[in-house]
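Notes follow the structure.
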Amino acid sequence: MTVVIAVDGPAASGKGTISRRLAKHFHFAHMDSGALYRLTALAVLEANGDPTLEADALCGAATIDLSRAGDPAIRTAEVGTAASRVSAIAAVRAALHDFQISFLTSPPGESLGAVMDGRDIGTVIAPHAQAKLYIEASPEVRAHRRWLELAGMGLERDKTLLLAEILARDEADRTRPISPLRRAEDAALLDTTNLDIDAAFAAALALVSPRVEGALKERHRG
Ligand code: DC
């Protein structure tokens, strides 16, 4: 059985970077599940569709191009907002569900484990994950991080607008009826507001290590 680390949290909380570093540390595979929703949103927008319409969103989910997961085009605030909209549609979540489960069941490269980050990984996709983290940071710090990330990609954005977008997306992701963003009861909470990325990673590692090492030992014994 794959050892799973489930990482959830709101936009720009640091969960993506922390997850990538955890995966590298344990030699596990990593999936950014938000990229699936962003790719779906991009496909809808590129087809001039409406991300709030189930038919358009489903068509987007059926035509996602995984080779574009690293494309800066999926990182824009517009695509983030459209991703939040398609992600509130039950049929879209169902369409992307199997893809995430098969990644966790058979991670690429025959890795012993997988790290998956998103909004509902510890609650819906992998409720039995051996280790769970819920990562938070203040909205202002998250807006600043998103601003830096976009600036690094050559995309200039007004910070006040980014903050408003983050707050609106938090509200939509937390209050939607299906798979809302929430902390699983057994997820360790990590607030990265006052931590730089190295300190946040060290804290995350300290929280998950005992569980991951225990699960790996168990796997060797089994
Ligand atoms: O993590 P992100 O900002 O790339 O995610 C983009 C949107 O996708 C987010 O606003 C909500 C949605 N999402 C989701 O509903 N469930 C996930 N597991 C991951 C992302």
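Along the sequence shown, residues carry numbers from 1. Just so you know, these numbers come straight off a predicted model, no measurement behind them. All ligand and atom numbering here is 1-based and tracks the order in the structure.
Taking every heavy atom of both residues into account, Thr2 and Thr105 meet most closely at OG1-O, 3.2 Å.
Taking 4.5 Å as the limit, some side-chain heavy atom of Leu161 sits within range of a side-chain heavy atom of Arg157.
Salt-bridge check for Asp170 with Arg142: passed, with a basic side-chain N closer than 4.0 Å to an acidic carboxylate O. Salt bridge present: Arg75 and Asp32 bring a charged side-chain N and a carboxylate O closer than 4.0 Å. A salt bridge links Asp198 and Arg21; the closest N-O separation between the charged side-chain nitrogens and carboxylate oxygens is under 4.0 Å. Electrostatic pairing of Asp117 and Arg20 does not count as a salt bridge here, judged by no charged N lying under 4.0 Å from a carboxylate O.
Close approach to Arg38 involves these atoms of ligand 1, each under 4.0 Å from a residue heavy atom: 2 (P), 3 (O), 4 (O), 6 (C). The contact set between ligand 1 and Lys15, taken as ligand atoms under 4.0 Å from a residue heavy atom, comprises 1 (O). Close approach of ligand 1 to Asp173 (heavy-atom distance below 4.0 Å) involves ligand atoms 9 (C), 10 (O), 11 (C).
Residue Asp32 places no N or O, backbone or side chain, under 3.5 Å from any N or O of ligand 1. Ligand 1 has no nitrogen or oxygen under 3.5 angstrom from a nitrogen or oxygen of Asp117. The N/O atoms of Ser87, backbone and side chain alike, include one that comes under 3.5 Å of an N/O atom in ligand 1. Among the atoms of Tyr37, none of the N or O lies under 3.5 angstrom from an N or O of ligand 1.
Not a single heavy atom of Gln100 sits under 4.0 Å from any atom of ligand 1.
Using a 4.0 Å cut-off between heavy atoms, Arg169 contacts ligand 1 through its side chain alone, with no backbone atom that close. When heavy-atom distances to ligand 1 are checked against a 4.0 Å cut-off, Arg176 comes that close only through its side chain, counted from C-beta outward.
Of the options Arg38, Arg176, Arg169, a side chain to side chain donor-acceptor pair (under 3.5 Å) to Ser87 is made by Arg176 and by none of the others.
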